[in-house]
Structures are given as C-alpha cells and as structure tokens.
Protein chains: 2
Amino acid sequence: MSNQQILLIDDERGISDPLSYALRKEGFEVTCSYDGQDGLRRAQSLLPDLIILDLMLPLIEGLEVCRQLRGDPRTREIPVLMLTARTEEIDEVVGFNMGADDYVTKPFKMKPLVQRVKALLRRPHLKEQSVDVVSRQGITLDRLHHRAVAEESELPLTPTEFKLLWTLLRQPGRTFNRNELMDASRGEDANAFERTIDVHVRSLRQKLGARAVLVETVRGVGYRFRDEPHESVVTETNAI
Amino acid sequence: MSNQQILLIDDERGISDPLSYALRKEGFEVTCSYDGQDGLRRAQSLLPDLIILDLMLPLIEGLEVCRQLRGDPRTREIPVLMLTARTEEIDEVVGFNMGADDYVTKPFKMKPLVQRVKALLRRPHLKEQSVDVVSRQGITLDRLHHRAVAEESELPLTPTEFKLLWTLLRQPGRTFNRNELMDASRGEDANAFERTIDVHVRSLRQKLGARAVLVETVRGVGYRFRDEPHESVVTETNAI
DNA sequence: CATACCGGTTAAGATTTGATGAAGAGGCAA
DNA sequence: TTGCCTCTTCATCAAATCTTAACCGGTATG
C-alpha cells in the first residue's frame, strides 16, 4: 500500500487497458474510470497521487473534469496528465489554462508515457498555489483587497502599478522582459509600446520611495525585484 | 538573455522577415537561416529553444533537416514547428513521423502563429528539460535571473558577454568560429565585422579574472570553453 | 630570416538603452 | 459638462555598451 496510486480516466478500453497494465507492471496502483462523472467522484474519494485524464470523455468533458478538480481544495494539488488526440488540442488546453500538468498526444508509446508519469510524481510539489498575499523585503501586497503596504504606510498604487509589482514580487530575483511585464500588467492586450513599462516602473519607484532600489533594472533585458536585502534599505528600515 | 531563442529556417524573405519581426516584438531572440544546411549548423551551435522550419528548403529539404535534428542528441529535444504550403502536406509529414511538434499551413496569420509558438514553449514537459542554468568549472549562468556567478562573486556581464559565455558554456570543449559566436551573441545581423568577437572575448576574460584561461583561443578557428580542469595530458593519453 | 597571417590590445566614435519630464487621451464621477 | 486620475506616447539626455580600426607582437611557413 506504500505504492503510489494513479487514477486513469478514459473511456476507450483500447487505451486504458494496456495503459493500466503497463502502469501496474511498474508498481503503481491503478484505478480505472470510464466516464468523467465517475472519474471525478473517484478522484475525490481516492485522492490519488496522479490523475491521467482523457480530453474526450462521456458525460463530462475532460476539460470540465479538470476544472472541477482544480476547484476542489482536496484535489487541487493532484497532478493531472492530459491525453489529447491532436497537437492543436494542446493549444486549446493551454489556452484555457486549465492547469493540466502535462500533455501527451495520442497515439503514444507506452514507455515515454510511463516516463512522464514518473517525472510528474517525482516533481516537487511547489506548484504555485493560488496566493493572494505576497510579502517581500518589507513590502506586502494583498490582491484580494488590492492593498499595498510598505512597513507601516499604505502605498497608493494604481491598478497597473499594483499588477506590475505583484508580478515582480511573486518571483523575486527573476528578470522579466518588458513584454512579460506588459502581459502581466495589462492582460492580453499585446499591442502597445514597450516603453510604457518604463514609465510605470518609474512611478512605481517614486511611490516606493527609499525602497525604489528594490526594483532593479537589468540593462538590455528588463526588470526584476531584488532578492537579497539591500544596505540602504536596511538602514532606512532601522531608522524608521 | 532571459529571452528564449528561436531559430527560423525559411528561404522566402517574404515570410521570414515579417515573421522574425513579429517574434522579436514578442520578446524572442530570433536567428534566421535561409537554407537547410546552414539551418542545421546553426541549430547545433545555437541550441535554440524552438525551431521554425519550412518544409521546402534549398540544399537540404525540411524533412531531412528534421530527421537530422532528431538524430542528434543535442538537438533531439528541441521542439520543431513545421511550415507547410498545403494541408495535404501535413498528412505526408505526419505520415513520415518525423517528429515535428506542430504544423502550420501557409499562408498563416501572424498572431495565431505566435500563439502556437508560445504554447509550444509553455508545454510542461518541455519546460522541465529546457535549460535555464548552466554551470561549469565554478562558473554559473542563470538566464532566468540573468545572473552570472563565479564561485562566490557575481560577474557584472553585459548582455553580449552573457550570451557569449552562455553559448560557450553550454557546449564546453566545442570550438565555435567567430560567425557562430556572432550569431549567438548578436542574434540578428550576422554580417558584422568578425573581429568584434575578439573584443568581447577580451572584456569577458577580464571580468573572469583568474578564470580567464577557461576561455581558450583555438588559433585559426575560434574560441571554446575549456572542458578539463587541468592540462590535457590525461586526455591525450586516453585519446590514443 | 623574412613574411604573411593571426589574435591581443586599445581607444575613439557610433549606437543602444533607460531615466525623466511633459503633453495628450480616455475614463469616470460629481 | 468639468475636474481628477490613470495610462500612453513622445522627445530629450546621459550613460552604458558595442563596433570599428589601427597598432602590436607572436607564430607558422618557406
């Protein structure tokens, strides 16, 4: 029972039978389900370590199953491996951002698929859970209440500035180019002058005051939020 | 160089020019190649994150390029997006099972294609093996954070120096000629003065300090990153 | 030894890049 | 409507970076 449990949701016996066989031979415990509704119920009762999900399912579509899995806190973190018939479907799935963790196109070879399964199970589960509060270097952002606080005082950020800082703060040290920041701060409106970001960064820095140095410029690339503490800020912090 | 690199292999300027422009505007680094042979060579020296490949090419056919890319362990895992003239061709291509990851029929709209590119690059299993950190001989490059570290201290590299070192470091021991290094560091126009590379190498060596010897000159050919920590005596003996 | 070739070095000039100030353009509520 | 507020665009400047070209010394070759 120390074996890892896999829930396989697929209505085609021609696929699920050999697949479940191959997985069992690898030492996994496999439970099969042949439609979406049943699969969803089993997922919630079994809480397996991994779910393999066909995109085309009777009763409930694969995407809907995935959505509901993600909506339930008990199953939210279970990795999902999606089976799709065509490459283009992957785009859709990715587009819907349904949170599948990997995709395999049918027809597939058994060995690579098992490899993928193992890789997913091996993966450290630092999946970015939906976080509403981020706090770094004395700056705290709460996106539910749309509040930004630096030490004591509240920062009056505009929506764009807020999203910008949110993006930077969530992955401190990572450098974002202007396009990524554009996307992050303005949704998917892709066609805008890149340098607009510079202006937002500027006003952001102004409002950050002494902490402005935390938003670093990476020349030729973009911007990033400083990872390690900065001397002048520490001094400032102490002084307050 | 937090940016992802795309190699575009297409001989029709009417296609490759606007496409490379669109991709660059999206923040990708794009290198263009106008025939199969050259494209193959560039793929092997650049090791881009994605390759866009026209099916009809001079010198070597697209399918043959694809086959050879799949045959080389260095390029085997790089996703390939194939451009084809007619829908029926897709079937043929799929039939040959040449391992292209996606197909787009010409003529295509710019936006959807860019979407496809992004989707391909976002695919989880590709993400897992795409390399963002390279570390050799005590030097570590992280293109996501855009950081270069030697032992303890951070190296303040300019964008060009970073890309140069990134290229050398990814395939230690392999000698790159100046054109290849030009490509890698300047992405765009390959028709610049070759000796420019020498100057970049020099400033790179200066910043590397004691580790400067790791960037070796191969007289008459180009440069390479040293593979072995010490003298090549052992290597010689083993080689014979 | 002479010579052509090659890479190292240097500095000046050209180009690119980001910061900044300011001027519209909409949006929205009073 | 007017009066903010926010976002975008543009022009300009200074600094960082890249390229070019000239000069130098080492090396292979005859």
Side-chain angles (χ1 to χ4, degrees), chain A residues 146 148 154-168 175-209 212-226, chain B residues 1-3 24-25 27 29 146 148 154-168 175-209 212-224 226:
Chain A
H146 199 271
E154 178 151 356
L155 295 173
L157 299 185
T158 70
T160 304
E161 288 156 9
F162 189 92
K163 287 180 218 152
L164 194 58
L165 187 53
W166 175 266
T167 304
L168 294 171
T175 303
F176 296 86
N177 64 39
R178 290 183 171 73
N179 272 297
E180 292 170 317
L181 294 175
M182 206 84 208
D183 287 354
S185 65
R186 267 205 3 178
E188 81 271 347
D189 255 334
N191 47 350
F193 191 41
E194 264 197 353
R195 288 321 181 82
T196 302
I197 287 298
D198 296 34
V199 183
H200 290 305
V201 167
R202 181 170 91 92
S203 53
L204 189 55
R205 280 174 172 160
Q206 276 187 329
K207 290 178 182 175
L208 285 175
V213 287
L214 292 175
V215 178
E216 296 180 313
T217 302
V218 181
R219 183 170 245 271
V221 186
Y223 298 92
R224 73 179 166 211
F225 192 85
R226 191 183 197 101
Chain B
M1 151 120 192
S2 87
N3 296 346
R24 287 202 184 97
K25 221 180 65 178
E29 272 186 29
H146 207 266
E154 179 154 355
L155 296 173
L157 300 185
T158 69
T160 303
E161 288 154 11
F162 191 95
K163 290 178 216 155
L164 197 57
L165 188 53
W166 174 265
T167 304
L168 294 170
T175 303
F176 295 85
N177 64 40
R178 289 181 173 73
N179 271 311
E180 292 172 320
L181 294 175
M182 208 80 208
D183 265 16
S185 64
R186 195 77 189 101
E188 204 167 329
D189 53 307
N191 52 346
F193 190 40
E194 270 197 350
R195 296 291 306 278
T196 301
I197 288 298
D198 296 35
V199 182
H200 289 305
V201 166
R202 175 181 141 71
S203 54
L204 189 55
R205 282 173 171 160
Q206 275 191 323
K207 290 178 182 176
L208 285 175
V213 289
L214 292 176
V215 178
E216 297 178 316
T217 302
V218 181
R219 192 183 169 80
V221 187
Y223 297 93
R224 75 176 167 215
R226 179 188 276 178

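Just so it is clear: chains get the letters A, B, ... in the order the sequence lines come, proteins before strands, and each one is counted from 1.
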Output the distance between atom NE2 (B/H200) and atom CE (B/M182), rounded to the nearest 0.5 Å. 6.5 Å

Base contacts versus sugar-phosphate-only contacts with protein, heavy atoms under 4.0 Å: please encode nucleotides 5-21 of chain C as B, S and - from 5' to 3'. BSBBSB------BBSBB

Interatomic distance where [atom1] belongs to [X] and [atom2] belongs to [N] [whole Å]:
X	N	atom1	atom2	answer
B/M182	D/dT20	CE	C1'	11 Å
B/K163	D/dT17	NZ	P	13 Å
B/F193	D/dT19	CZ	P	12 Å
B/L164	D/dC18	CG	P	10 Å
B/H200	D/dT17	NE2	C1'	9 Å
B/E194	D/dA21	CD	P	14 Å
B/L181	D/dC18	CG	P	15 Å

By salt bridge (charged side-chain N to carboxylate O under 4.0 Å, His left out), which residues pair with B/E194, not counting sequence neighbours? none

If the helix axis at each end comes from five base pairs, how far does the helix from C/dC1-D/dG30 to C/dA30-D/dT1 deviate from straight, to 10°? 30°

Are B/I197 and B/L164 close enough, and set up right, to give a side-chain contact (heavy atoms from CB on, under 4.5 Å), and what steps lead you there? CA-CA 9 Å; B/I197 288 298; B/L164 197 57; 4.2 Å; yes

Are A/L181 and A/L168 close enough, and set up right, to give a side-chain contact (heavy atoms from CB on, under 4.5 Å), and what steps lead you there? CA-CA 8 Å; A/L181 294 175; A/L168 294 171; 3.9 Å; yes

Regarding B/T196, tell me which of base, sugar-phosphate or nothing describes its non-hydrogen contacts under 4.0 Å with the strands shown. base

A/T158 side-chain N/O to D/dC7 phosphate OP1/OP2 under 4.0 Å: yes

B/R226 side chain vs B/E216 backbone, donor-acceptor pair below 3.5 Å: no

For B/R205 and B/V215, indicate whether the former's side chain and the latter's backbone hold a donor-acceptor pair under 3.5 Å. yes

For A/L208 and A/E161, run side-chain contact (heavy atoms from CB on, under 4.5 Å): C-alpha distance rounded to whole Å, both residues' side-chain angles, the deciding distance at 0.1 Å, then the answer. CA-CA 11 Å; A/L208 285 175; A/E161 288 156 9; over 6 Å; no

Check step by step if side-chain contact (heavy atoms from CB on, under 4.5 Å) holds for A/L165 and A/F225. CA-CA 8 Å; A/L165 187 53; A/F225 192 85; 4.3 Å; yes

Pick from B/N177, B/L204, B/D198: which one makes a side chain to side chain contact (heavy atoms under 4.5 Å, CB included) with B/Y223? B/D198

